[in-house]
Asker: 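Sharing a structure here in structure tokens format.
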Amino acid sequence: MTVSDPMGRALELADRGRGQVSPNPLVGAVVVQDGRIVGEGHHARLGERHAEVVALEAAGSEARDGILYVTLEPCRHHGRTPPCTDAIVAAGVRRVVYAVSDPHPGAAGGAAALAAAGIDVEMADRDVTEEAVRQNAAFLWSEVAGRPFVVLKLGMTIDGKLAAGFGQRTAITGDEAWERVHRLRADADAVLVGRGTVSADDPRLTARTDELPRVPPVRVVLDSLASLAFDSALVGGASDAPVLVVTAGGAHPDRLAALESAGVEVATVPRAADGLLDPNAVLRRLYERGVRSVLVEGGARTADSFLAAGLVERFHQFVAPWFIGPDGVPAFIDAGAGDRDDWRLWDVERAGVDAHLVWERRSAFDRLLRTAGPGSDSRGSRG
């Protein structure tokens, strides 16, 4: 198969691993010989072969003197699988082009190891690197920042309202937007809401997609007094997917024991200065639990607490083409205006009748680009 954009093809392949490889990164690879793709692959599931190995095996003998395009710097350590650098050297590839440096500090760089073996190694163009950084932002951020990558999702009317009133369940967006939300859930390690959202909507917070995630996302409820109703959909479905209630430590011990008997996990974190649960402490607790990406779904106070603390890296805004009016619940309460210059619009498209806008925090993306992009200190290590 001839191809004019082999790295673009590798990025397409990498996306096939969404929901299946965390905490590993999304990786795609293609092997090119005389302008033809002779092998391709992606990291399909945690613990299975890495993309480079799959592509090289598909190419067979045609990999010799070929070019390997891969979306992440090849690893050179023994994790769940052998080093990809060994397979690349053994295959006789003459050149490797990679899009993003691996920031994991556990081993020396795979790029340097390949260069030492006599292979021509180079990083892709900056625009390709930017695309690859966005694709793997959750993996990269958890490595660089030492906390989960936070994605905020809010569905709102054109006048910026989340609901007709506090505590009222209000259908805002259409079917296509909800399909996308379920894909966002499937791509996250945890889905987080406040207690008010559970009271108003009684959500399941599960990822209902055609291809289910390898591990269901942890469903997290910020609930200072552990007042989650025992007849809620979350408690009733605690055996199907994990439910974690985060409290401030003032709940009655009998209530905590009852929740735990129902299969609900309970964690305690301190309050922040505004009296709400400290979002930094929440993220630390989730990171300790193995969570590397969090989808915050609301409501307004929960969203505001993460925004005001500077803890949101990406924001999916779904805007429905109708108005609620002045009595509706505003999407933003106290996040303030000082943060606006740190946001830039990354993508806009239609989601059925709704608009889907994707914003990224400028400072977070630029930090990742400095770490994993051109001129970074490449280090290869993943499991």
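Only this structure's heavy atoms are used, side chains among them; waters, hydrogens and symmetry mates stay out. We're numbering straight along the sequence, starting at 1.
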Asker: Nearest 0.5 Å, what's the NE2-CG distance between H43 and L72?
Answerer: 10.5 Å
Asker: Hey, is the main chain of A99 close enough, under 3.5 Å, to the side chain of E73 for a donor-acceptor pair?
Answerer: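 No; judged by distance alone, with no hydrogens or angles, the pair does not exist.
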Asker: Atom OG1 of T197 and atom CG of D202: how far apart are they, to the nearest 0.5 Å?
Answerer: 11.5 Å
Asker: Pair D65, Q33 - check side chain to side chain donor-acceptor pair (under 3.5 Å), show working.
Answerer: CA-CA 8 Å; D65 293 324; Q33 184 69 259; over 6 Å; no
Asker: So does P270 get a backbone contact from the side chain of D278, meaning a donor-acceptor N/O pair under 3.5 Å?
Answerer: no
Asker: Anything under 30° is parallel, anything over 60° is perpendicular, the rest tilted; go ahead and classify F315 against F332.
Answerer: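 If you compare the ring of F315 with that of F332, the planes turn out perpendicular.
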Asker: Are the side chain of R361 and the backbone N or O of E313 linked by a donor-acceptor pair below 3.5 Å?
Answerer: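 No.
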Asker: For F139, is the NZ or CZ atom of R292 found under 6.0 angstrom from the centre of its six-membered ring and inside 45 degrees of the ring axis?
Answerer: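 No, R292 does not sit over the ring of F139.
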Asker: Does R134 pair with E131 as a salt bridge, N-O distance under 4.0 Å?
Answerer: no
Asker: Do R195 side-chain atoms and S224 backbone N/O form a donor-acceptor pair below 3.5 Å?
Answerer: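 No; zero donor-acceptor contacts below 3.5 Å.
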Asker: Look only at the side chain of K161 and the backbone of F323, and say whether a donor-acceptor pair between them is shorter than 3.5 Å.
Answerer: no
Asker: When you look at S227 and D223, which way does the side chain to side chain donor-acceptor pair (under 3.5 Å) test go after all the steps?
Answerer: CA-CA 7 Å; S227 57; D223 186 4; 3.0 Å; yes
Asker: I'd like to know if the side chain of H182 reaches the main chain of T206, judged simply by a donor and an acceptor atom lying under 3.5 Å from each other, with no hydrogens or angles considered.
Answerer: yes
Asker: Do R169 side-chain atoms and D201 backbone N/O form a donor-acceptor pair below 3.5 Å?
Answerer: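 Checking the backbone N and O of D201 against the side chain of R169, a donor-acceptor pair under 3.5 Å is found.
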Asker: Taking E40 for the side chain and L13 for the main chain, is one N or O donor matched with an acceptor at less than 3.5 Å?
Answerer: no
Asker: Can we say E176 and R180 salt-bridge, meaning some charged N sits less than 4.0 Å from an Asp/Glu carboxylate O?
Answerer: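 A salt bridge links E176 with R180.
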Asker: Which residue is it: R314, R214, R18? I am looking for the one with a salt bridge (Lys or Arg N to Asp or Glu O under 4.0 Å) to D187.
Answerer: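 For D187, the salt bridge (Lys or Arg N to Asp or Glu O under 4.0 Å) test succeeds with only one of R314, R214, R18, which is R18.
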Asker: With sequence neighbours excluded, tell me which residues meet side chain to side chain donor-acceptor pair (under 3.5 Å) with R255.
Answerer: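 Scan of R255 (side chain to side chain donor-acceptor pair (under 3.5 Å), adjacent residues dropped) gives none.
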Asker: When you measure from the side chain of R185 to the backbone N and O of L295, does any donor-acceptor pair fall under 3.5 Å?
Answerer: no
Asker: Is a donor on one side and an acceptor on the other found under 3.5 Å between the side chain of D354 and the backbone of G174?
Answerer: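 Indeed, once roles are kept as given, a pair shorter than 3.5 Å links the two residues.
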Asker: On a heavy-atom basis, which atom in A124 and which in T129 lie closest, and how many Å separate them?
Answerer: O-OG1, 3.6 Å
